[in-house]
Undergrad: 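Could you have a look at this structure, given as structure tokens, before my questions?
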Amino acid sequence: MLLGTSLRFIFASSEDSLRRYHETVVAKGEFSDIPLGVTDARVQARQLLEIARTAAEHHFGFLMVGDSHASSYANAFAPTPTLARMLAVTGDMPVGLLYLAPFHHPVIAAEQVGTLAAFAPEPLTLVVGNGDVSEQFTGFRIAKGSRGRRSEEFITVVRALLAGETVTHEGEFFQLDGVRINPVPAVPAQIWVAATAGGAVDRAGRLGDAWETAPGTSPEELRALLDRYRAVCAEHGRVPDAVLRRDIYVAETDEQAWEAVEPMIAAGYRGFGHERDTSLVGSAGTVVKRLAGYRDMGFEKVLVRHIVGDHQQILDSLRRIGDDVIPAVADI
């Protein structure tokens, strides 16, 4: 089993950020982040680099950075420049980034990925998501109901461009006439589709190199969606590759882990209630057992992200994962 991490990348921009977060996101039950504590953007950037370096030093299998737009309540570090800067500290660890497709033009996105791929260990991974926060769609004057169609068209165009094709395209959202990009990745970039609902999982099976699950999906739902994903892959001649997405915190004991995590959950972390069967919280031994169960279910890759917001707690947990979890799950 290969264990990678994505980073908490949304930080408080002022002292009243959390209040505005609750007003604009949590009250609507939408999927987003609680801004992390410090308000100085330069300190925030240094903390991100320290987390990325620690993940590389403790042998995480890959690292991902996220995406957010038009946020009125927090500093959201944009994925392309953030990942570019992190490459100086992550060494040979494979990396990738998320683009929320409705907010990106496929030509610009493909050019960014092609450029990053020239600097990064290959293959670079692009995760394509739909987005969820209504405020962002309103700010861009994009109908939220169009996000699935936009993502599908985005993936189709980006894949062709990253393959070095000359693209002429007349779509619902994008029109192109004989467009090519350079540089093209020497090793084809991987395109993962982040999906929760059945239709989006079908999209992952038809168009993606992998399906990345949603962090709050119950084990029962995962089994049903995994079966559906595999069936769609078979229908379209694609090899299934399911990436389990889970939130994590590893402490010395289960009790210490839940004591640290429960205040974040109570404050509305990620917009859903965390049941104990949808997160990897506990001691290293507990987390290893949970991961073994997911491997039996059929997941060989796991992408984890920390629930806690305290910088030192994240670093300590990363080290415990690297020392006690990753070696234990490497061969299961």
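Numbers here simply count residues along the sequence, with the first being 1. Keep in mind that this is a model prediction, so the values were computed, not measured. Excluded from the calculations below are hydrogen atoms, water molecules and symmetry mates; all remaining heavy atoms, backbone and side chain alike, are included.
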Undergrad: Taking only residues two or more places apart in sequence, or in another chain, which ones meet Glu172 in a salt bridge (Lys or Arg N to Asp or Glu O under 4.0 Å)?
TA: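 Applying salt bridge (Lys or Arg N to Asp or Glu O under 4.0 Å) to Glu172 gives Arg149.
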Undergrad: Say whether, by atom type as modelled, one donor and one acceptor occur between the side chain of Ser146 and the main chain of Ala143 under 3.5 angstrom.
TA: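 Confirmed, Ser146 side chain pairs with Ala143 backbone.
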Undergrad: Is there a donor-acceptor pair closer than 3.5 Å between any side-chain N or O of Glu153 and the backbone N or O of Phe173?
TA: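 Yes; at least one donor-acceptor contact below 3.5 Å.
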Undergrad: Taking only residues two or more places apart in sequence, or in another chain, which ones meet Thr5 in a side-chain hydrogen bond (donor to acceptor under 3.5 Å, both in side chains)?
TA: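 Result, side-chain hydrogen bond (donor to acceptor under 3.5 Å, both in side chains) vs Thr5: none returned.
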Undergrad: Give the ring-plane orientation class for Phe137 versus Phe103, where under 30° counts as parallel, over 60° as perpendicular and anything between as tilted.
TA: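 Because their plane-to-plane angle lies in the 30° to 60° range, the rings of Phe137 and Phe103 count as tilted.
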Undergrad: How about Glu259: does its CD atom have over 12 heavy atoms from other parts shown lying under 6.0 Å from it?
TA: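 No, not enclosed.
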Undergrad: Quick one: do Asp323 and Arg320 make a salt bridge, cutoff under 4.0 Å?
TA: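 The answer is no: the pair does not qualify as a salt bridge.
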Undergrad: Under 3.5 Å, side-chain donor or acceptor atoms of residues 51-62 against the rest of the protein: list the pairs with distances, not counting sequence neighbours.
TA:
residue, atom, partner, partner atom, Å
Thr54, OG1, Glu50, O, 2.8
His58, ND1, Thr54, O, 3.1

Undergrad: Just jot down the side chain to side chain contact (heavy atoms under 4.5 Å, CB included) partners of Ala41, sequence neighbours excluded, or say none.
TA: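 Counting only residues at least two positions away or on another chain, Ala41 forms a side chain to side chain contact (heavy atoms under 4.5 Å, CB included) with Gln44, Asn75.
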Undergrad: The criterion is salt bridge (Lys or Arg N to Asp or Glu O under 4.0 Å); which residues satisfy it with Arg223, sequence neighbours excluded?
TA: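 Per chain and number, Arg223 pairs via salt bridge (Lys or Arg N to Asp or Glu O under 4.0 Å) with no residue.
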Undergrad: Does the side chain to side chain contact (heavy atoms under 4.5 Å, CB included) test come out yes or no for Val95 and Met64, once each step is laid out?
TA: CA-CA 6 Å; Val95 296; Met64 299 287 184; over 6 Å; no
Undergrad: Strictly distance-based, threshold 3.5 Å: is any side-chain N or O of Thr213 a donor or acceptor partner for the main-chain N or O of Arg245?
TA: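 Yes.
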Undergrad: Hydrophobic cluster mates of Val187, side-chain heavy atoms under 4.5 angstrom, ILVMFWY only, any path?
TA: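 Hydrophobic cluster check, Val187: no partners found.
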Undergrad: What are the two closest heavy atoms between Pro240 and Cys233, and how far apart are they?
TA: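 Closest heavy-atom pair between Pro240 and Cys233: CA-SG, 3.8 Å.
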Undergrad: According to ring-ring contact (aromatic ring centres under 6.0 Å, His included), does anything in residues 289-319 pair up with another residue at least two apart or in another chain? List the pairs.
TA: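 Pairs touching residues 289-319 that pass the test: none.
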Undergrad: Under 3.5 Å, which donor-acceptor pairs link side chains of residues 105-114 to any protein atom two or more places apart or in another chain?
TA:
residue, atom, partner, partner atom, Å
His105, ND1, Val107, N, 3.1

Undergrad: Keeping to residues at least two apart or across chains, list the ring-ring contact (aromatic ring centres under 6.0 Å, His included) pairs with something in residues 108-136.
TA: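 Matches after skipping sequence neighbours: none remain.
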Undergrad: Can you list every ring-ring contact (aromatic ring centres under 6.0 Å, His included) pair that touches residues 201-244, not counting sequence neighbours?
TA: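 Qualifying pairs, neighbours excluded: Trp211-Tyr229.
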Undergrad: Would you check, one step at a time, whether the test side chain to side chain contact (heavy atoms under 4.5 Å, CB included) holds for Leu176 with Thr168?
TA: CA-CA 5 Å; Leu176 303 175; Thr168 295; 6.0 Å; no
Undergrad: Counting distance only, does the side-chain N/O of Asp209 pair as donor-acceptor with the main-chain N or O of Ile191 below 3.5 Å?
TA: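 Present.
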Undergrad: Under the salt bridge (Lys or Arg N to Asp or Glu O under 4.0 Å) test, which residues partner Asp241, sequence neighbours left out?
TA: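 In terms of salt bridge (Lys or Arg N to Asp or Glu O under 4.0 Å), with neighbours along the sequence ignored, Asp241 is linked to Lys301.
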Undergrad: Spell out, as yes or no, whether a donor-acceptor pair under 3.5 Å connects the side chain of Thr286 to the backbone of Gly282.
TA: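 Side chain of Thr286 to backbone of Gly282, a donor-acceptor pair under 3.5 Å: no, none is there.
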Undergrad: Only counting residues at least two apart or in another chain, list the ones meeting salt bridge (Lys or Arg N to Asp or Glu O under 4.0 Å) with Glu235.
TA: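 Result, salt bridge (Lys or Arg N to Asp or Glu O under 4.0 Å) vs Glu235: none returned.
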Undergrad: For Arg290, is there an ion pair with Asp277 - N to carboxylate O distance below 4.0 angstrom?
TA: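 Arg290 and Asp277: not salt-bridged.
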Undergrad: Taking atom CG of Asn182 as the centre, report whether more than 12 heavy atoms of other residues, nucleotides or ligands fall under 6.0 Å from it.
TA: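 Yes, because the 6.0 Å sphere around CG of Asn182 holds more than 12 heavy atoms from other groups.
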Undergrad: Under a 3.5 Å distance rule, please check whether Arg238 uses its side chain to pair with a backbone N or O of Gly208 as donor and acceptor.
TA: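 Such a contact is found between Arg238 side chain and Gly208 backbone.
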Undergrad: Answer yes or no: are there more than 12 heavy-atom neighbours, outside Arg85 itself, under 6.0 Å from its atom CZ?
TA: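 No - once you tally the heavy atoms of other residues, nucleotides and ligands closer than 6.0 Å, there are 12 at most.
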Undergrad: For atom CG of Asp177, decide whether the heavy atoms of other residues, nucleotides or ligands shown that lie under 6.0 angstrom number more than 12.
TA: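 Count not over threshold, so no.
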Undergrad: Would you confirm whether the ring centroid of Phe174 sits within less than 6.0 angstrom of the ring centroid of Phe154?
TA: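 No, ring centres 6.0 Å or more apart.
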Undergrad: Could you tell me whether a side-chain N or O of Arg8 sits under 3.5 Å from a main-chain N or O of Val308, the two making a donor and an acceptor?
TA: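 At least one qualifying donor-acceptor pair exists.
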